[in-house]
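Hydrogens, waters and symmetry mates play no part in the numbers below; they use all other heavy atoms, side chains included. Throughout, numbering of the chain's residues begins at 1 and tracks the sequence. This is a predicted model, so every value here is computed, not measured. Order of listing sets the numbers, starting from 1, for every ligand and every atom in it.
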Amino acid sequence: EEWKERGAAVGVRQEIDSSGKPVLRSVKKGVRDFSFGRTLGEGSYSTVLAATDRQTLKEYAVKVLDKRHIIKEKKIKYVNIEKNTLNRLTEHPGIVRLYYTFQDEKSLYYVLDVASNGELLGVLKKIGTFDVECTRFYGAQILDAIDYMHSRGVIHRDLKPENVLLDDQMHVKITDFGTAKLLKDPYAVPKQGLPDMDKEDDDNRAASFVGTAEYVSPELLTDKNACKASDLWAFGCIIYQLLSGRPPFKAANEYLTFQKIVGLDYEFPPGFPPAARDLVERLLVHDPQRRLSMEHIKNHEFFDGVKWGRSLWRQKAPRLM
Ligand code: ADE
């Protein structure tokens with residue numbers, strides 16, 4: 001019952017087959033419409049598989065979630081958040097797009113954009129550090145995608161280089177919205193009926209969720225409350241990591257990492273570019289209200305020369321070295 005697809009067009013359509021005979025075909029895509037290939041990634045509740053639409057031959061990444069496991073671990077709400085969030089974020093090249101959802105007895109399926117070059121973290125680990133030009137390009141694409149999701153009322157809450165994927169053009173695709181926070185839809189028409197349980201500004205999920213230790217903002221640790229600026233803290237951590245090869249706050253365990261975050265205990269390695277240092281110092285600020293805003297980041301000297309908006313996504317990615 002929990003998995004019922006609200007608002008989805010479910011039904012059959014009459015088509016004429018090759019012999020001219022009318023046949024009934026399901027309108028909705030299902031498991032049988034795809035051929036599945038290799039495993040692209042594995043999470044605690046899901047596996048991502050490469051898949052091809054049998055009719056169009058278009059390639060996708062299909063996230064397969066195990067229903068029994070999700071029910072047992074009480075994650076139903078998060079699964080719905082991911083779907084509802086992705087359904088709000090359909091018009092940006094920097095965000096993995098959700099095309100279809102369906103299910104069978106055992107699993108839920110999310111059909112997503114495939115990002116064939118995998119995680120930004122993997123690329124970073126392979127080459128060690130990014131130069132200023134690559135950091136500016138990837139930083140700008142990540143920021144443009146964050147700006148779009150914030151404009152649509154979505155806070156990601158777990159931004160990190162593992163959740164930044166790279167497509168065949170080496171352009172950014174942000175993924176993993178299972179722990180996102182949906183703000184009240186700024187475009188929503190008020191409707192009658194029961195409140196939508198996923199749109200919290202006030203419920204207990206906000207108080208129980210903490211993202212990945214190294215990128216967690218101090219306000220999440222102290223007030224348990226994420227805001228748009230929490231994603232910009234994580235963005236500051238990512239910029240630092242691209243240039244230095246490691247996140248600014250890293251310790252032997254989560255507790256010690258949290259202590260470093262709360263103590264703003266980090267240092268810049270020698271040779272860290274001065275403009276980038278200034279940007280990171282203005283992002284890794286405890287008070288979210290005093291952290292650099294989206295517009296100020298875009299206008300910061302580190303991003304001098306960047307053309308924001310659509311042209312950023314028509315640009316050729318710089319060569320990594
Ligand atoms: N791993 C997880 N999600 C992926 C995606 N959409 N494309 C490629 N690899 C992935």
Side-chain angles (χ1 to χ4, degrees), residues 29-31 33-54 56-67 69-70 73 75 78-104 106-127 137-138 141-146 148-149 152 154-180 211-212 214-215 231 234 238 241-242 313 317 320:
K29 293 265 187 207
V31 184
D33 293 309
F34 295 87
S35 57
F36 290 85
R38 67 186 186 94
T39 301
L40 298 173
E42 260 170 305
S44 25
Y45 306 97
S46 63
T47 302
V48 179
L49 300 171
T52 309
D53 182 322
R54 293 183 196 275
T56 65
L57 302 183
K58 186 173 153 69
E59 309 263 350
Y60 294 96
V62 178
K63 186 166 181 171
V64 185
L65 299 109
D66 181 60
K67 288 186 190 179
H69 189 196
I70 290 163
E73 302 289 323
K75 302 291 179 188
Y78 294 89
V79 164
N80 287 323
I81 285 165
E82 180 164 28
K83 179 173 151 185
N84 294 338
T85 305
L86 285 168
N87 276 329
R88 249 199 219 184
L89 305 175
T90 54
E91 279 160 300
H92 197 278
I95 291 169
V96 162
R97 185 170 156 191
L98 178 63
Y99 292 88
Y100 314 102
T101 59
F102 43 82
Q103 55 181 311
D104 60 19
K106 270 183 57 190
S107 309
L108 302 175
Y109 299 82
Y110 292 175
V111 181
L112 303 159
D113 270 324
V114 68
S116 58
N117 280 302
E119 297 174 359
L120 180 62
L121 183 69
V123 173
L124 181 64
K125 283 195 165 161
K126 208 152 82 189
I127 66 171
F137 178 79
Y138 287 102
Q141 287 206 334
I142 294 166
L143 193 69
D144 195 62
I146 297 173
Y148 170 75
M149 69 196 186
R152 303 292 288 128
V154 173
I155 304 173
H156 188 289
R157 298 203 294 186
D158 199 16
L159 287 171
K160 52 181 173 179
E162 292 96 309
N163 289 338
V164 177
L165 304 180
L166 298 167
D167 68 13
D168 51 351
Q169 294 184 80
M170 288 299 279
H171 282 186
V172 160
K173 293 237 181 256
I174 294 181
T175 191
D176 206 349
F177 289 84
T179 50
T212 305
E214 282 83 2
Y215 307 87
D231 283 342
I238 294 169
Q241 184 170 2
L242 294 181
W313 302 90
L320 289 163

Exercise. Of all the atoms in ligand 1, which lie at a distance below 4.0 Å from a heavy atom belonging to A61?
Worked result: 5 (C), 6 (N), 7 (N)
Seminar exercise, completed: Distance col, row W313:CH2 vs H171:NE2, nearest 0.5 angstrom, shows 7.5 Å
For this session: Rounded to the nearest 0.5 Å, what's the gap from CG on D113 to NZ on K173? Could you check?
Result: 4.5 Å
Exercise. How far apart are the C-alpha atoms of D158 and T212, what are their side-chain angles, what is the distance that settles it, and do they pass the side chain to side chain donor-acceptor pair (under 3.5 Å) test?
Worked result: CA-CA 6 Å; D158 199 16; T212 305; 2.8 Å; yes
Exercise. What pair of heavy atoms forms the shortest contact from V114 to L40, and how long is it?
Worked result: CG2-CD1, 3.9 Å
Exercise. Counting heavy atoms only, which of L165, L166, L40 comes nearest to atom 3 (N) of ligand 1?
Worked result: L165
For this session: If you have a sec, work out which protein heavy atom is nearest atom 2 (C) of ligand 1 and how many Å separate them, to one decimal?
Result: V48 CG2, 3.7 Å
For this session: Could you tell me how the ring of Y60 sits relative to the ring of Y99: parallel (under 30°), tilted (30 to 60°) or perpendicular (over 60°)?
Result: perpendicular
Exercise. Tell me: protein heavy atom nearest atom 6 (N) of ligand 1, and distance?
Worked result: D113 O, 2.9 Å
For this session: Tell me which protein heavy atom sits closest to atom 8 (C) of ligand 1, plus the residue, atom name and distance to 0.1 Å.
Result: A115 O, 3.2 Å
